[in-house]
There are 2 protein chains.
Amino acid sequence: MDIRTLCLGILTMGDATGYEIKKTFEEKLDLIFHASYGSIYPSLNKLTEEGLVSCRELSQEKRPDKKIYTITAAGRYAFLEKVMNKPAADRFRSEFLATLMFAHLLPASTISQMIDERIADRERKISDMATGCPERPTDTEQFMCGYGRTVYQAEIDYLIENRHLLEADALLGRRAAE
Amino acid sequence: MDIRTLCLGILTMGDATGYEIKKTFEEKLDLIFHASYGSIYPSLNKLTEEGLVSCRELSQEKRPDKKIYTITAAGRYAFLEKVMNKPAADRFRSEFLATLMFAHLLPASTISQMIDERIADRERKISDMATGCPERPTDTEQFMCGYGRTVYQAEIDYLIENRHLLEADALLGRRAAE
DNA sequence: TGATTAGTATATCAATATGATATATTTAGG
DNA sequence: CCTAAATATATCATATTGATATACTAATCA
């Protein structure tokens, strides 16, 4: 599933502009999938060419013109077809963990600080999610919010209990380097 | 931190060819960071140009020539400098979760099957990790293996306990569509 | 009042990365 | 004997990011 397909998915929830689709990615899909304007606008153009969405232009007086996109019947069909496929593997990249791989080359204080910041960041994410999740969520929304909370909390707990392993390697590494 | 930097990091652990660096990504960094030949070979060329690694060619009789890369002093310095920076945010993309967002559009049987497969996949990852982690690990290696196990297990537990939420939306969505 | 920041809305572009493919040979397994 | 996996290089179209440009409004703040 590429960003083009996911734009189509977002449009199943209602008409939207490119700008609004970007906001949806940030608000509802922050946990799951990221997309920048550089991929959203070209996607929308291509989907229009392919007849999977239609576009009407709304000129506003005190704003730039809006292009409002609507999914077509063909678009709905194409989306369902793609989404029924076996999903590809997750793609995950963590500079934080990559850095920790080299804990033995870094000062213990740097490692400690990075872990502190990571824990603070995960806590922020959890509390942001409490705000971001709707008050009367659908079952799926409830599932997604709980998923994020659970995974982030598991990470926090693990970091607290096991950070000493990294901090030990950072200290040992330094000593070995002397 | 980009792939170029991480190649440098891998070379701090010893000389290697592009092929061996790719294997290191697969074996030691599978959890954390991915890289394909299409990014590794160009990285190595650029690092050589910049004088951060040196390269000696070893012609083998019954194999393609090897290009063995060694990190230089300048390379070690450049790596440490980059790795001391505040790590950028994780990048995560999950087609699995993106699909579940649209559970209400899909047959409940499809959703159930996807969840079953996901659980099986995470279990496979956990057991692969038991094999992949060295017998006498360093503290950092122990930390990384434990990290993966913990996060995957948290996901499995969450899925088992909350899959009914998605399965409910899938059933309701279908009914609403009729 | 005046200045600065955030919000609405479009779009492009260089740089980066993926995933597939090509080439060529050896070794291991069934 | 044949096939698949392993060793080793490399390229390329396509996808994606992150930054930047443009242009106007609304809100905040000193």
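Per chain, numbering begins at 1; letters A, B, ... match sequence-line order.
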Could you pull out the protein-nucleic contacts involving nucleotides 15-17 of chain C (nitrogen or oxygen on both sides, under 3.5 Å)?
| unit_1 | atom_1 | unit_2 | atom_2 | d |
| --- | --- | --- | --- | --- |
| C:dA17 | OP1 | A:Arg93 | NH1 | 3.2 |

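- For C:dT10, the OP1/OP2 oxygens have no side-chain nitrogen or oxygen of A:Tyr19 closer than 4.0 Å.
- Sorted by first and then second residue, the salt bridge (Lys or Arg N to Asp or Glu O under 4.0 Å) pairs with a member in residues 4-21 of chain B read B:Arg4-B:Glu50, B:Asp15-B:Arg56; sequence neighbours excluded.
- As judged by a 4.0 angstrom heavy-atom cut-off over every strand, B:Lys23 is placed among residues touching the sugar-phosphate backbone only.
- The salt bridge (Lys or Arg N to Asp or Glu O under 4.0 Å) pairs that include a residue from residues 68-84 of chain A number zero, where partners must be two or more places apart or lie in different chains.
- Relative to the side chain of A:Thr17, the nucleotides D:dT11, D:dA10, C:dT10 differ in distance, and C:dT10 lies closest.
- The overall bend of the helix from C:dT1-D:dA30 to C:dG30-D:dC1, read as the angle between its terminal helix axes built from five base pairs each, is 50° when rounded to 10 degrees.
- The hydrophobic cluster containing B:Tyr19, built from Ile/Leu/Val/Met/Phe/Trp/Tyr side-chain heavy atoms closer than 4.5 Å, also comprises B:Tyr37, B:Tyr41.
- Applying the disulfide (SG to SG under 2.5 Å) test to every pair with at least one member in residues 130-161 of chain A, sequence neighbours left out, gives these pairs: A:Cys133-A:Cys145.
- Legend: residues meeting side chain to side chain donor-acceptor pair (under 3.5 Å) with A:Ser112, ordered by chain and number and at least two apart, are A:Glu167.
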Enumerate, atom names and distances included, each donor-acceptor pair closer than 3.5 Å involving a side-chain atom of residues 25-36 of chain A, sequence neighbours excluded.
| unit_1 | atom_1 | unit_2 | atom_2 | d |
| --- | --- | --- | --- | --- |
| A:Glu26 | OE2 | A:Lys22 | NZ | 2.4 |
| A:His34 | NE2 | A:Asp30 | O | 2.9 |

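- When the C1' atom of C:dG19 is taken as reference, atom CD of B:Glu26 falls 13 Å away, rounded to whole Å.
- Separation of atoms CG (B:Asp128) and CG (B:Asp121) is listed at 9.0 Å; rounding is to 0.5 Å.
- Judged as a salt bridge (charged side-chain N to carboxylate O under 4.0 Å, His left out), and not counting sequence neighbours, the contacts of A:Asp116 are A:Arg163.
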